[in-house]
Each structure stands twice: as structure tokens, then as C-alpha cells.
Amino acid sequence: MEISIDIGDISKFVGRYSLGRDNGNGSLHFLRIKVPAGQIDSERLRRVAELSREYGRGYAEITDRQSIQLHWIDPEKSLEIFGKLYEIGYFTDMCGQGFSGACFGDVRNIIACPLSGKINDFDVAEHAIRLTDFFTGNPDYLDLPRKFKIAFSGCGGDCVRLGINDLGMFGIENNGERGFVPFVGGSIGASHPGPTLAKSLGVFVPESKTFEFVKAVVEIHRDHSSRESKAKARFKNLVSEWGLDRLREEIESRVGPLERIDVAAPAQCDHNGSGVQINGLHYYTLPVLGGVLSADKLEFIAEMADKHADGEVRLTPEQNVTFVDVSDVERLKNDLSKKFYLKEGRLYYSSIACASNFCGRTSEPHAKELLERLVEVCERKGVKDLRIHISGCRNACGCHHVGEIGLVGRPVRTENGVVQGYDLLAGGDFASLRMAKVVKEGLHGDELVREFERLLEEMRNGA
């Protein structure tokens with residue numbers, strides 16, 4: 001069915017929709033659909049599946065920012081797609097790869113604990129959804145120096161990787177009052193000053209001040225982050241240049257004084273498997289290695305959400321799908337096993353690989369292909385509790401710096417010419433804000449697999 005769009009209606013798309021650039025696997029453009037706080041009902045999930053089938057070859061990816069990404073998008077049909085997204089109330093990230101300078105950055109999809117409001121009554125997702133709605137399409141925030149990433153956790157742990165966000169809001173209760181301890185300046189991409197883990201700002205933000213506080217931090221990024229070059233335009237550069245004391249002073253000049261507080265980095269919390277909610281029902285997280293789903297599987301997930309739960313699922317920052325308000329987890333798992341290979345362990349729930357087969361930054365093996373091969377190695381050796389993070393390049397879309405084992409792609413010159421290789425890293429942990437260290441550089445082919453196996457043995461033996 002063709003959609004007719006009046007030229008006067010195009011204004012409602014401005015600042016709310018964008019296509020990103022691909023350069024691989026036959027795709028030239030992608031579409032990244034914002035799913036605020038990762039919460040999506042079954043009807044919207046079916047509509048996204050329809051878009052995937054009609055415009056994206058029936059393929060979709062859950063991203064590590066709780067969004068859904070489609071590829072092979074024909075730009076000539078973009079207004080049709082935008083119109084359909086507008087009908088269901090969804091927008092996209094404003095992808096800025098086409099701009100060489102520091103400009104046209106936006107607030108990306110704001111992520112939240114997938115079990116927000118389900119395992120306790122601190123529903124931090126409400127803040128993520130309200131703020132996403134405020135920033136999306138708002139002309140005052142469409143020309144940030146670079147993109148800005150925000151995460152909320154209220155479950156008592158770190159299930160959203162607070163340390164690698166520009167602003168991570170860790171929910172706590174302080175003297176009987178709920179609020180947040182902010183972590184600022186995280187980003188593990190290659191931009192200046194290099195991979196950086198967020199630091200606690202050392203203040204308590206009461207829940208009533210959350211909107212005002214987040215808005216002020218984004219405005220400081222907008223008004224003061226470097227526009228000298230794209231490489232220096234991330235918020236982490238400003239935090240490094242100013243230091244925490246000056247940043248606190250600037251924030252308090254806008255929102256008023258904030259109580260000082262000393263809170264350690266929260267422990268890692270993944271919400272894998274199943275558990276009991278505060279209402280007596282259950283949740284179950286379906287592992288989706290690499291976040292890759294077909295349109296058929298998206299529709300199947302929607303069907304399962306209607307049959308076994310309340311018709312809603314939550315996308316997770318580890319590219320999985322969480323069912324909430326489930327009455328019988330075993331019946332749900334039995335039905336899911338008809339379409340999915342259900343596995344337990346961090347290897348399946350927490351391993352991440354970027355879509356390097358689409359961005360054109362790697363040749364074979366691409367990040368997701370390599371992840372599948374290394375998972376097979378782990379299965380052969382009986383290893384299940386391990387997080388592998390793979391990035392195709394130093395932009396770190398696969399968060400390789402914070403994986404227990406990380407790999408980052410690079411070209412390697414051999415006797416037979418240049419081939420796809422990877423650097424191997426170990427020891428990363430986003431919960432304790434620890435970066436992985438390089439074990440070996442420029443590995444490729446069977447040599448890469450051998451070194452990976454050797455590292456596995458060392459880790460198992462406690463070396």
C-alpha cells in the first residue's frame with residue numbers, strides 16, 4: 001500500500017527522522033528506531049516486523065541502546081517509512097555520519113533498566129521516556145557538538161553500563177528520599193581523549209529534580225563542548241578538560257545546590273534468566289546472540305507476549321528480549337524453544353558484537369560471524385559464564401574495552417596481502433569501571449582462534 005504524503009506534512013518529520021549510512025552487505029542506508037526505555041507492546045512490535053519485511057528484507061537488530069535497527073533502506077521510500085513510524089508514535093536517532101564537523105548531534109535513545117517498575121517500585125523508565133519525548137525533535141537540542149547518551153538504572157545494580165554513557169543515572173534511596181547519583185563523561189570510542197569510563201559526580205539528585213538536572217547537563221554539552229573538530233566534540237572531552245569540580249559548579253548554577261554523596265560504582269546486574277516480580281508474576285529474558293532477529297521472529301515474540309504475558313516486552317542493553325508479567329515461565333520457554341535455541345550463561349546473554357558487516361569497516365570475518373565462531377569454541381570447552389565483546393573497528397560499537405574478553409578489528413598485512421585481523425583484549429569489566437588490556441595484536445585466521453583458546457585456558461586456570 002502506497003502512502004500519500006502532503007508536502008506540508010513533511011515538517012512533522014524534520015528533526016525526528018533520519019537515515020544512517022551503511023557501506024556493506026549490499027546496504028547503503030539503515031534506520032535506527034528509538035524504543036524509549038526499550039519498552040514495546042506487541043502491536044508496535046508487529047508493526048516494526050511489517051516494516052522490516054517490507055523495507056528491510058525481513059531482517060532486524062536489537063541494538064545495545066534498546067533500539068531496533070533495519071538495513072537495506074531505500075532512501076526514495078524513506079518518507080513512506082517515516083509516515084508509518086509516525087502513525088505508531090516512533091522516531092529515529094539522528095544519525096550524523098554524513099557530517100564531518102562537530103554539529104547536528106542529538107540525544108540518543110535513552111535507556112533504562114529492563115525491569116524498571118517490576119522488581120521494585122522505583123520506575124526509572126518513566127524518566128527515560130519523558131526525557132526522550134522532550135529531546136526528540138526539539139530544535140533547541142538538534143545541534144549538539146556530538147551525540148549524547150543517557151542511561152537510567154534503579155534496580156540497585158548496573159544493568160545499563162552506566163560507565164560508558166555520557167550521563168549515567170544510578171538510582172538510590174538517600175535518607176528516605178529517592179533520587180540519582182550521576183556518572184559523567186563515559187565513552188569508549190576512539191574520539192579524544194580516548195576510551196574513558198564515566199566518573200561519579202559525587203552529588204545526589206532528588207527524583208523531583210531529575211528532568212531539570214538532565215536537561216542542564218545536555219545544555220552544558222551543547223553550549224561548552226568543543227566544536228573545534230568532531231574528534232574532540234564528545235562530552236567526555238569537556239569533562240576531562242573542566243574536571244568534576246567545575247562541572248558541578250556549572251550544573252549547580254543552573255539547578256541549585258545538590259547534596260554531596262559518596263557512592264561506589266554499582267555491581268553488575270544483568271537480569272538474565274527468570275525471576276519473581278514484586279506483583280508475584282515473573283520475568284524471563286530470552287537470549288538473542290548479537291541481537292539479530294527476523295521479521296517472523298519479531299512477530300513470534302509479539303505472539304508469545306500476548307499469550308504468556310501482558311503483551312509487552314523490554315529490549316535490553318545486551319541485545320536480548322525480556323518478557324514481563326509472565327504467569328508460567330516454563331510454558332513460555334517451551335513455546336519459545338520452537339523458534340529459539342534457549343541457553344543459560346553469560347556467554348549467550350551478555351556477549352555483544354557490532355554490525356560491522358553493514359558499516360563496511362571490516363571484511364570477513366565480520367564481528368557477528370567471529371562471535372558465533374568463538375561461542376562454538378567456548379561450547380566445545382564447556383565455558384558458559386564469559387562475556388565476549390567484539391567491535392569491528394576502534395569506534396567501539398561492540399564495547400570491546402569492557403568485555404571479559406574483547407576483540408577489535410584492524411587490517412593486518414600478510415605475505416598474501418592485507419587481511420581482516422583483530423586485537424585480543426582481556427580483563428574488562430564495566431561494573432567496576434575497568435578497561436580491558438591488550439593481550440596480542442594483529443591476530444587473524446586460525447592464529448586468532450588458537451590465541452583465544454589459550455586465553456580461555458589461562459582464565460580457567462586463574463593465570
Quiz item: Does the ring of Y86 carry K12 above it, NZ/CZ under 6.0 angstrom from centre and within 45° of its axis?
Solution: yes
Exercise. For the pair Y348 and V375, evaluate side chain to side chain contact (heavy atoms under 4.5 Å, CB included) and give the outcome as yes or no after the intermediate values.
Key: CA-CA 8 Å; Y348 308 100; V375 165; 4.0 Å; yes
Exercise. Considering only NZ, NE, NH1 and NH2 on the basic side and carboxylate oxygens on the acidic side, decide whether E212 and R254 come within less than 4.0 Å.
Key: no
Practice problem: Output all residues satisfying salt bridge (Lys or Arg N to Asp or Glu O under 4.0 Å) with D306, sequence neighbours left out; order by chain, then residue number. | Solution: R46
Quiz item: Do W72 side-chain atoms and N25 backbone N/O form a donor-acceptor pair below 3.5 Å?
Solution: yes
Quiz prompt | Within 6.0 angstrom of Y59 OH, more than 12 heavy atoms from elsewhere | solution = yes
Self-check item: Minimum heavy-atom distance between Q66 and P317, given as atom pair plus value
Solution: NE2-CD, 3.8 Å
Exercise. Check for a donor-acceptor pair, side chain of K440 on one end and backbone N or O of L425 on the other, with a separation under 3.5 Å.
Key: no
Quiz item: What's the spacing between K209 NZ and L258 CG if we round to 0.5 Å?
Solution: 5.5 Å
Practice problem: For the pair E369 and N357, evaluate side chain to side chain donor-acceptor pair (under 3.5 Å) and give the outcome as yes or no after the intermediate values. | Solution: CA-CA 9 Å; E369 296 165 354; N357 53 325; 5.7 Å; no
Quiz item: So, is the end of the R21 side chain (NZ or CZ) under 6.0 Å from the ring centre of F30 and within 45° of the ring's axis?
Solution: no
Exercise. Would you please name every residue forming a salt bridge (Lys or Arg N to Asp or Glu O under 4.0 Å) with D121, sequence neighbours left out?
Key: R178
Quiz item: What distance separates E259 CD from E177 CD, expressed to the nearest 0.5 Å?
Solution: 8.0 Å
Quiz prompt | Gap between atom CG of D429 and atom NE2 of H401 - 0.5 Å precision | solution = 15.0 Å
Quiz item: Using the benzene-type ring in the case of Trp, are the ring centres of F82 and F91 under 6.0 Å apart?
Solution: no
Quiz item: How many angstroms lie between atom NZ of K34 and atom CG of N109, to the nearest 0.5 angstrom?
Solution: 6.5 Å
Self-check item: Qualifying residues under side-chain hydrogen bond (donor to acceptor under 3.5 Å, both in side chains), relative to T316, sequence neighbours excluded
Solution: none
Quiz item: For the residue pair R387 and V402, what are the closest heavy atoms and their distance?
Solution: NH1-O, 3.0 Å
Exercise. Determine, for R146 against D106, whether the closest basic-nitrogen to carboxylate-oxygen distance falls under 4.0 angstrom.
Key: no
Quiz prompt | Criterion side chain to side chain contact (heavy atoms under 4.5 Å, CB included) on I388 and C378, from CA distance to verdict | solution = CA-CA 10 Å; I388 304 172; C378 291; 4.1 Å; yes
Exercise. Go through the steps to decide whether S350 and E318 satisfy the test side chain to side chain donor-acceptor pair (under 3.5 Å), and finish with yes or no.
Key: CA-CA 6 Å; S350 304; E318 293 183 323; 3.2 Å; yes
Quiz item: So is K199 actually on top of F183's ring, under 6.0 Å and inside 45° of the axis?
Solution: no
Exercise. Verify, without hydrogens or angle tests, whether D310 (side chain) and E312 (backbone) share a donor-acceptor contact under 3.5 angstrom.
Key: yes
Quiz prompt | Neighbour count >12 (heavy atoms, 6.0 Å) for atom NZ, K437 | solution = no
Exercise. Report yes or no: does T92 contribute a side-chain atom to a donor-acceptor pair with the main-chain N or O of I33 at less than 3.5 Å?
Key: no
Exercise. May I have all residue pairs that pass ring-ring contact (aromatic ring centres under 6.0 Å, His included) and include part of residues 226-246, sequence neighbours excluded?
Key: F148-F235, H221-F235, H224-W242
Quiz item: Under 3.5 Å, is there a donor-acceptor pair between the side chain of Y349 and the main chain of T285?
Solution: yes
Self-check item: Interatomic spacing from NZ in K84 to CG in L79 - rounded to 0.5 Å
Solution: 12.5 Å
Exercise. Please report the shortest heavy-atom distance between A436 and H400, naming the atom on each side.
Key: CB-O, 4.2 Å
Quiz prompt | R222 atom CZ, over 12 foreign heavy atoms within 6.0 Å | solution = yes
Self-check item: Any donor-acceptor pair under 3.5 Å from S391 side chain to G398 backbone
Solution: yes
Quiz prompt | Backbone N/O of E43 and side chain of D41: donor-acceptor pair under 3.5 Å | solution = yes
Quiz item: With sequence neighbours excluded, what pairs up with D423 under the salt bridge (Lys or Arg N to Asp or Glu O under 4.0 Å) test?
Solution: R394, R410
Quiz item: Are any of the side-chain nitrogens in D166 or K149 under 4.0 Å away from the carboxylate oxygens of its partner?
Solution: no
Quiz item: Ring centres of F152 and F170 under 6.0 Å apart?
Solution: no
Quiz item: Hey, are R248 and D245 close enough for a salt bridge, meaning a charged N less than 4.0 Å from a carboxylate O?
Solution: yes
Self-check item: Derivation of the side chain to side chain contact (heavy atoms under 4.5 Å, CB included) call for N320 and I62
Solution: CA-CA 7 Å; N320 301 315; I62 302 170; over 6 Å; no
Quiz item: Do you know which two heavy atoms are closest between A151 and L162, and how far apart they sit?
Solution: O-CD2, 4.0 Å
Quiz item: What heavy-atom pair brings A112 and V160 nearest, and what distance separates the two atoms?
Solution: C-CG1, 3.7 Å
Quiz item: Around atom CZ of R361, are there more than 12 heavy atoms of other residues, nucleotides or ligands at under 6.0 Å?
Solution: no
Exercise. Apply side chain to side chain donor-acceptor pair (under 3.5 Å) to the pair E404 and H389, showing each step before the final yes or no.
Key: CA-CA 8 Å; E404 290 174 270; H389 288 192; over 6 Å; no
Quiz item: Any donor and acceptor pair, going by atom type alone, linking the side chain of S240 with main-chain N or O of K236 inside 3.5 Å?
Solution: no
Quiz item: Of all heavy-atom pairs between E344 and K384, which one has the smallest distance, and what is that distance?
Solution: O-CD, 4.0 Å
Self-check item: N237 vs S191 side-chain heavy atoms within contact, under 4.5 Å
Solution: no
Quiz item: Is a side-chain donor or acceptor of R32 paired with a backbone partner of L70 at a separation under 3.5 angstrom?
Solution: no
Quiz item: Any salt bridge between D93 and K147, counting N to O under 4.0 Å?
Solution: no
Quiz item: Is the closest side-chain donor-acceptor distance between S116 and D123 under 3.5 Å?
Solution: yes
Quiz prompt | Straight-line distance of L167 CG to N165 CG, nearest 0.5 Å | solution = 8.0 Å
Quiz item: Between E250 and R246, is the closest basic N to carboxylate O distance under 4.0 Å?
Solution: no
Practice problem: Kindly determine whether C393 and T362 satisfy side chain to side chain contact (heavy atoms under 4.5 Å, CB included), including the steps that lead there. | Solution: CA-CA 7 Å; C393 71; T362 59; 5.6 Å; no
Practice problem: List the steps and the verdict of ring-ring contact (aromatic ring centres under 6.0 Å, His included) for F122 and F180. | Solution: CA-CA 11 Å; F122 191 0; F180 298 92; 5.4 Å; yes
Quiz item: Which residue pairs satisfy the ring-ring contact (aromatic ring centres under 6.0 Å, His included) criterion with at least one member in residues 184-208, sequence neighbours excluded?
Solution: none
Quiz item: For the side chain of S52 and the backbone of V48, is there at least one donor-acceptor N/O pair under 3.5 Å apart?
Solution: no
Practice problem: Would you please say whether a donor-acceptor pair under 3.5 Å links the side chains of Y422 and E441? | Solution: no
